[in-house]
Amino acid sequence: MIKEYKRAATIEEAVYLSGKGFVFLAGGTQVNSAPYKKWGRPVEKVLSLEALGLDGLKKEGGKLIIGAMVTLQDLSDSPAIPDWIRTAASFIPTRSVRNMATIGGNVGANRPDSYLIPALIASGALALLADERSLPVEQYIREGREDLILRFEIPGLPGTALAIKESRSHLALPVVSAAVRIAGEQGSVSEAVIAAGCVASRCIRLTDVEKGLVRGQLSRGEALEEAIGKSIDPETDIRGSASYKKYINSVVIADAVRSCLREVER
Amino acid sequence: MKISFVLNGRPVSCEGAPGESAQRFLQRNGIPSVRNSDDGFGFAGSDTILLDGKVVGANILLAPQLEGHNVKTVEFLKNGRELSLIQNALVEAGCVQSGYNSPAAALMIYALLERSDDPTREEIRDALSGLFNRSTGYEQFFKAVDMAAKRKKDPSYEADALPSFGRQYDIVGKAGPKKDSYQMVAGEKVYVEDRLEIQSCYLKVLRSPHAHAVVKRIDKSRAEVLPGVVAVFTHHDVPDKSYSQAGQGYPEPSPYDRKLISRKLRHVGDRVAAVVAETEELAREALGKIDVEYEVLKPVLTWDEAKAPGAPLVHNGKISYVQGAPDDLDEQNKNIDEDEEGVVYCFPIGGKPGENIAAAVSGGIGDVEKGFGEAEVILERTYGTSQIQCTPLEKHTCYAKVEGDRLIIHASTQVPYHVRRIVATLLDLPENRVRVIKERVGGGYGSKQDILIEDLVAFCAWKTGRPVFQQYSREEEFLSCSTRKPMRITVKLGAKKDGKLTAMYMNVESNQGPYGAHALTVPMNGVSKSLPLFLCDNASFDVTAYYSNIPPTGAYQGYGAPKANYAMQMAVKELAVELGIDHLELLEMNRVHEGDMLEILRCLGEGREGKPAPATSCGLGPALKEGAKLIGWGEKEFSDDPDVKIGKGVVTVQQGSGLPGLDQANCTVKMLGDGTFVVQSGGADLGTGLDLVSAKMAAEVLKTPLDLITVRSGDTDAAPFDVGAYASSGTYFSGGAARNAARKMAEKIIREAAVIMNEEPDDLRIAYPSKVVGKKGELSFRKLAWHTQGGEGSGQIVASASFTGEDFSFPYGAHFCQVAVNTRTGSVEVQKYYALQDCGIPVNPEYAMGQVYGGVVKSMGHALYEQMIFDGKGRCLNPDLRSYGVPMIGDIPEDFRVILIETDDPYGPFGAKSISEISVNGAAPVIANAIYDAVGVWMRQWPFSPEAVLKALGKID
């Protein structure tokens, strides 16, 4: 039960209060929602970041700068945002949630089935923190950090990318939430990033598969599915059995990889 | 803390707690329309507000987050008493039935039209993506948005007329809004939660963490001493009485097998103790201070576990019978536990609690063995269905208080008169001292046919003398409500090579759960609404309902028919494949036709002796013909994606119109001083438009404009008895009672007018608008009322009538669909769905269509997505709407049509038959059949999840 609510006036104050047990409150769709409370993280003190001016979205020298408080609806509406990130943002299936949820809050919540985090990882996104350091989103997630993120920087990386999801119904919890980015020329892959949610306790990169693609070891046959299957270890839960989740992630991610490879070949 | 913001254009400043949700904060501060359907899961949309012009969910927003913002709720849309064009469009398109989410829909559409003048279907889907609407599905919203968008540009725009039926009638069969829809879409106070008064106490229940256990010791002393705790009740404090929560006519065919709070706990979520406290938080805190020691027993979770030798007994109290005790009763009572509450049967229904059997029945016609002997092909298949939740948007809610020597109960119920009887009996009160007021009901679908919370709320109010309020949490809806019973159904069919059926057999095994509500009648109704769709001289069935420790089951729209029809229609399709005969051809060859005698009903009497009945009207022929043409039956479709295969399916469906011989409805019509009328109907309008049905019945008979007729219903003090809204009885029974009362009124009007007009009664007729016309002149109802109610008059004209009968009127239908199955992912997309329904002459066409859309979407959900998932100890692992998987607007078919096939039933009022349940009987079998047509696998178990499809395809183990 939340017993204390404060509105941070400055970034310094926000950082200070986070050290005093306050949890950052962005849009509120995670901190305030019943499932979040059920994950064993009851929140007693929240700190609204609304007054910190962390909104705004701009292009700067080939990079895209996105304020941490930009909502997922704004992301999905903005033509400045790469298609796969817009798609990932719009995977959150209800507009009312997209209107509230923020990019910073989504990364901060570090849900294992986040739609956005795989897309940001695939994009090579950096999280710019309150202490002026910048960390790859992948590292932020991997290390389970809770630093205050001020904004995200998305470099103009080469290649083609896709965000994918699979769920039983339109609003059901996903069994696949992943993003793929592949760069290369004339059929050879110079860079591959595959980030997947729903297959571990946090979103992860399938590095072995990425290496196999760059080395040209994975043909487009069933070897790709097998490699993906070997690199994930989903658990049985209410969304489905482990074997189903392994299968569905393997085929859907493999299809996305193949689709990107076709683009690279063009 | 003080929270300042702009509310509907007005700066306001209100006190709020830091952790209080904006939904609760707004409702507490006078905005009733912002409601709570999902306790902060951000799913259902009932909590929708506009925050700085954007749609958000107030339940996942903290009250302090409103600070400095511009908040709009649906209240801002109205201009004085005038609804906005968006609200009017929703009403006109028939979108507002149970109405709990109608304010949310209006706000979502408002925001959509602010950003798009001419929204596409995709934009509409996105705008309404967060709106859960169980009652009408979603299809009609597209029309409403189109209407609103066009009227925004041109206020004089007239939408295409809604379909009209019953050419011979002036009012029946013509579209026109029901009156409560205006209040609902405006967000007015019409639900039980809106009746809460300042001094009300809150009831919270301590629930069993175990599926099967006994309370060895319970200590409530630490809870009782908390300041503000009014009372704590345990099994020691409640009446020592067995009863049933089933809202059925007395004597019920459901066993009396539960206590208000029992020492023995029979499911996770069963009542352990009840706390009445002055605040909700305090009640919750007190629950944590009740110390309980449990003796955990082995749970029984499946049919097979229930019938295994030596299985733990769910009920082991003394068995007794009000009448018709079996000869072996003493034997059955040999090893009972005297400390356990007894099981009372009003009459025999085949129950044997000592074998975990709540009810059992067998029957048949002809000679089934001979029929199978004559068959050239015999097919036997078994099908399974899972436990399904009704998920009404308005959770179960009740408010009770004592006034003088009377108990007043505000209930969200389908059965106000059964609530009165059951509560009065439980509390040893005569019925005159209990008044039940059915408020508008935000969705029931069967789960509000049972007295699930009114019993305890009434008890607590009566015991404490304080007003007591209880509203289930969404989790309680899943754990402690009533659900669709899981069933295992074996169908055996025998046929000649040409397809003619020679024998049919069904074996229905039902997982009844901990208590016996509807144990006999639900599975039996499954048989009685599926076997008679086919004509066969030799047919038989066995039905067994097993007690178990799963969450309680009860009634759910369709009442067994969706499951039995799934099994029966699947088996017929499988037979067609076996015989190499086109499925539609096989259906045509064996189907029921108008005038056919349904002999099988001889042994399907729902606890009394049945009798054969004719299909007096049957629109199956035209439904099948038109549907086949629409879907392009016999034409194979192909996808551009090689992984995607397309298939088509067809099924037939049937239901009843109430329970002739068991049900009764009553109605009183009163003429007021100006010749207008008040219709006091016992019918329980669940948002389906039953009050409008009653009004139309009276208007049609009395040739009076609908505006001059007001219907009062749902208040047991203000209207005569009616069994309530279940078994598809509303239009037929309650509507029939209104018609009969109006006819009596018409007779009285003629008699009185004859005296005043000095004419022979036979020379007079009632004519529009509201007058009597004779050979010499005419007399308005206004003048007639003045005469009759004057000092020398004969008295106010009041006419009452009932509707009972032995005549059956069966609605019929045919459902067609086209699915695309992705063989790589297992996903099933329903591309086209056509529901062709014969409900006689539809009295309220737009609401009839809405109920069909809603029923189809519900059953699509059951077939494809919805599933209560349990661990090995009987704990439901997904007790929330999202994890459970209800369908939303993003799930409905791109091409979705409801077509009403008009027939004129000789027994239904103005030719009408029921519509409310039948449409849930088609989706599971028709989708499964289409899946077979697409990829050649049989889906013999709900739900057809991608994982299940992949398993069937052999893609995963």
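Since we're looking at a predicted model, the values are computed, not measured.
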Atom pair [atom1] ([X]) and [atom2] ([Y]), whose distance is rounded to the nearest 0.5 Å:
X     : Y      : atom1 : atom2 : result
A:T94 : B:L131 : OG1   : CG    : 11.0 Å
B:I49 : A:S96  : CD1   : OG    : 10.5 Å
A:I2  : B:S21  : CD1   : OG    : 10.5 Å

What heavy-atom pair brings [X] and [Y] nearest, and what distance separates the two atoms?
X      : Y      : value
B:M888 : A:L171 : CE-CD2, 3.6 Å
A:I238 : B:L877 : CG2-CB, 3.7 Å
B:G57  : A:M100 : N-SD, 3.5 Å
B:P946 : A:R168 : CD-CG, 3.9 Å
B:L61  : A:G27  : CD1-O, 4.2 Å
B:S129 : A:P93  : CB-O, 3.2 Å

At a 4.5 Å cut-off on heavy atoms, which part of [X] comes close to chain B: side chain, backbone, both, or neither?
X      : result
A:I248 : side chain
A:V251 : both
A:S167 : neither
A:E166 : side chain
A:V176 : neither

Give, as side chain, backbone, both or neither, the part of [X] having an atom under 4.5 angstrom from any heavy atom of chain A.
X      : value
B:L128 : neither
B:D957 : backbone
B:I869 : side chain
B:S827 : side chain
B:D39  : backbone
B:P887 : neither

Under 6.0 Å from the [atom1] atom of [X], do we count more than 12 heavy atoms belonging to anything else shown?
X      : atom1 : answer
A:E263 : CD    : yes
A:K20  : NZ    : no
A:K45  : NZ    : yes

Contact leader toward chain A among [options], where contacts are heavy-atom pairs under 4.5 Å:
options                        : result
B:Q867, B:R882, B:M108, B:R824 : B:R824
B:S945, B:G68, B:G885, B:G861  : B:S945
B:R115, B:K955, B:K951, B:E67  : B:R115
B:G19, B:A127, B:S883          : B:G19
B:P64, B:G42, B:G890           : B:P64
B:L950, B:D38, B:L62           : B:L62

With chain B, which of A:V252, A:L173, A:V175 has the greatest number of heavy-atom pairs at distances under 4.5 Å?
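Of the candidates given, the most pairs with chain B belong to A:L173.
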Under a 4.5 Å heavy-atom cutoff, which of A:S90, A:G240, A:G28, A:S169 has the most pairs with chain B?
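Heavy-atom pair counts peak at A:S169.
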Heavy-atom donor-acceptor pair, A:N99 side chain to B:V56 backbone, under 3.5 Å:
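Looks like no, no N/O pair under 3.5 Å.
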Can a donor-acceptor pair be found, under 3.5 Å and without considering hydrogens, that links the side chain of A:S33 to the backbone of B:G40?
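A pair under 3.5 Å: no.
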Hey, mind stepping through B:R125 and A:R95 against side-chain contact (heavy atoms from CB on, under 4.5 Å) and telling me if it holds?
CA-CA 10 Å; B:R125 278 181 193 255; A:R95 176 172 275 269; over 6 Å; no
Let me see the working for A:K245 and B:I956 under side-chain contact (heavy atoms from CB on, under 4.5 Å), right down to the final yes or no.
CA-CA 10 Å; A:K245 290 205 271 188; B:I956 55 173; over 6 Å; no
When you compare the side chains of B:Q65 and A:S48, does any donor N or O come within less than 3.5 Å of an acceptor on the partner?
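B:Q65 vs A:S48: no donor-acceptor pair found between side chains.
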